[in-house]
There are 2 protein chains.
Amino acid sequence: MELVKDMVELDKDKPGRREELLQAALDLFSENGFKGTSIRDIANSLGVSVSVIYHYFQNKEGLWSELLGYSVKALPAKLEAAMVGGGHSVERFRRLLRVHLTASNYYLKESKMFLSSHERMSVDGNKQSKEIERRILDIYVSILEELRRDGWVKTENTKILAFNVLGVINWQLRWYRPDGPLTGDQLYEEIIAFILYGAVGVPPGR
Amino acid sequence: MELVKDMVELDKDKPGRREELLQAALDLFSENGFKGTSIRDIANSLGVSVSVIYHYFQNKEGLWSELLGYSVKALPAKLEAAMVGGGHSVERFRRLLRVHLTASNYYLKESKMFLSSHERMSVDGNKQSKEIERRILDIYVSILEELRRDGWVKTENTKILAFNVLGVINWQLRWYRPDGPLTGDQLYEEIIAFILYGAVGVPPGR
DNA sequence: TTTTCACTAGAACGATCGTTCTGGTGGTTG
DNA sequence: CAACCACCAGAACGATCGTTCTAGTGAAAA
């Protein structure tokens with residue numbers, strides 16, 4: 001059935017049109033947003049016709065949604081999985097932050113897309129985005145509540161605290177450049193240290 | 001010359017068309033962004049014709065720019081002014097944070113507009129935005145360097161630290177709701193405490 | 001009264017948008 | 001061979017975009 005004949009040329013791991021389209025759309029969407037990227041922009045960046053896009057995808061929003069599907073939509077489950085392991089609350093909080101930072105930067109462009117979703121799209125697509133944001137927030141609120149029970153966190157406004165933590169994590173997507181002086185891990189430790197101890201604070205003596 | 005005749009009616013402080021247009025544009029721009037707001041949207045929200053907008057403003061970008069002109073564009077100077085006063089470095093840092101939070105929330109919608117400027121506009125408008133961001137970043141880097149000289153800040157990556165601080169401040173624009181349980185000042189102190197001491201850190205004993 | 005002009009409605013223009021349609025490849029399958 | 005079908009180019013459609021044009025208003029100035 002599937003006898004591959006003579007494709008012994010240089011096309012060893014040719015991406016395929018569908019993957020090419022996804023990659024081109026990812027680059028443009030993450031840079032210019034949903035409204036700032038036209039179907040023709042995506043097609044022209046590959047030198048193909050617009051009908052090619054509609055052959056592989058239902059429409060513009062389907063293309064957008066598929067890019068978020070394998071990346072951002074899987075984030076809440078990934079964060080929940082990072083919490084089930086052992087260790088005391090501070091250790092687990094650190095692990096959560098590390099997993100979150102790693103995942104966000106692995107899917108850097110997809111995450112940028114997601115955060116630019118204020119330019120709202122269809123009703124359903126917006127509802128899905130809000131649901132993801134809510135699940136992530138709940139994860140942080142629960143671990144911060146735990147930290148408060150253990151005496152690490154002082155404030156009772158754990159929800160505000162969770163927003164602040166998410167602010168740091170999400171904001172780095174806007175300024176992170178892979179060609180910076182620090183490696184990814186060094187950067188993550190720097191950010192985690194800020195989230196735990198702030199700009200001038202010191203670790204509590206325990 | 002300017003004898004006001006008999007406008008003794010209820011129109012004591014009638015905003016005037018120009019101010020009405022600015023307010024309507026502010027509401028829509030801050031909610032849906034630049035590309036997500038059409039000239040007709042703004043005109044329709046007041047029940048007037050589109051030509052009214054072009055009578056008072058040069059074009060869509062001029063309207064956008066004017067909204068940022070009296071608010072965000074004045075922010076760097078306001079922050080610099082907050083730094084010139086006396087006090088040791090931590091006090092001045094706290095004052096900077098308070099002024100920044102107060103100004104951002106006073107011009108909440110304008111600040112939201114500014115942060116959604118990733119959907120870039122004209123070349124010149126984008127250059128102006130980048131310049132504002134750079135000036136604000138420089139202010140934070142300089143005070144953090146000062147804090148480092150005084151021994152409060154441990155890390156040498158003050159620029160990354162500045163990004164993290166700005167992340168917290170700017171992120172709260174996305175989730176702050178005036179009808180929340182906390183007053184503005186309570187919220188600011190909560191945010192400032194996080195920036196200084198983090199989620200679990202304690203103030204250094206000095 | 002006549003003239004002027006700030007102000008406004010509404011039509012219109014050209015460009016671009018997302019999407020669909022038509023037609024034609026070239027290769028696989030019967 | 002003929003039939004089929006995944007794949008693609010390009011035209012086309014209707015909607016909407018920012019902007020401009022035309023033609024009034026009505027009140028103040030002359």
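Any value given below was found using the heavy atoms of this structure, including those in side chains, with hydrogens, waters and symmetry copies removed. Lettering of chains follows the sequences in order, A, B, ..., and the numbering in each one begins at 1.
- In this structure Glu146(A) satisfies the salt bridge (charged side-chain N to carboxylate O under 4.0 Å, His left out) test together with Arg92(A), sequence neighbours excluded.
- The side-chain hydrogen bond (donor to acceptor under 3.5 Å, both in side chains) pairs that include a residue from residues 162-171 of chain B number zero, where partners must be two or more places apart or lie in different chains.
- One interatomic measurement links the two molecules: CD1 of Ile53(B) to C1' of dA9(C), which rounds to 13 Å at whole-angstrom precision.
- As a whole-Å value, the separation of Asn59(B) CG from dC21(D) C1' is 17 Å.
- Here the C1' atom of nucleotide dT16(C) and the CD1 atom of Ile42(A) are 15 Å apart, to the nearest Å.
- When each of Arg134(A), Gln128(A), Lys127(A) is tested with Glu131(A) by the rule side-chain hydrogen bond (donor to acceptor under 3.5 Å, both in side chains), just one qualifies, namely Arg134(A).
- When the P atom of dC7(C) is taken as reference, atom CD of Glu20(B) falls 13 Å away, rounded to whole Å.
- Shown here are the salt bridge (charged side-chain N to carboxylate O under 4.0 Å, His left out) partners of Glu189(B), two or more places apart in sequence or in another chain: Arg98(B).
- Taking atom CG of residue Asp41(A) and atom C1' of nucleotide dA15(C), one finds them 14 Å apart after rounding to whole Å.
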Under 3.5 Å donor-acceptor pairs involving side-chain atoms of residues 66-90 of chain B, not counting sequence neighbours:
from: Glu66(B); atom 1: OE1; to: Arg18(B); atom 2: NH2; distance (Å): 2.8
from: Glu66(B); atom 1: OE2; to: Arg18(B); atom 2: NH2; distance (Å): 2.4
from: Tyr70(B); atom 1: OH; to: Glu110(B); atom 2: OE2; distance (Å): 2.8
from: Ser71(B); atom 1: OG; to: Leu67(B); atom 2: O; distance (Å): 2.8
from: Ser71(B); atom 1: OG; to: Leu68(B); atom 2: O; distance (Å): 3.4
from: Lys73(B); atom 1: NZ; to: Ser65(B); atom 2: OG; distance (Å): 3.0
from: Glu80(B); atom 1: OE1; to: Arg135(B); atom 2: NH2; distance (Å): 3.2
from: Glu80(B); atom 1: OE2; to: Arg135(B); atom 2: NH2; distance (Å): 3.4
from: His88(B); atom 1: ND1; to: Glu91(B); atom 2: OE2; distance (Å): 3.2
from: Ser89(B); atom 1: OG; to: Asp150(B); atom 2: OD2; distance (Å): 2.7

Scoring nucleotides 7-14 of chain D by protein non-hydrogen atoms under 4.0 Å (B base, S sugar-phosphate only, - none) yields BSBB-B--
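- Remark: Asp185(B) engages no residue in a salt bridge (charged side-chain N to carboxylate O under 4.0 Å, His left out) (not counting sequence neighbours).
- Between Ser38(A) and the phosphate of dC17(C), there is a side-chain N or O to OP1/OP2 separation shorter than 4.0 Å.
- The separation between Ile39(A) atom CD1 and dA15(C) atom P is 22 Å, rounded to whole Å.
- Going from atom CZ of Phe57(B) over to atom C1' of dG18(D) covers 16 Å, rounded to whole Å.
- Spacing between atom NZ of Lys35(A) and atom P of dC17(D) amounts to 10 Å, rounded to whole angstrom units.
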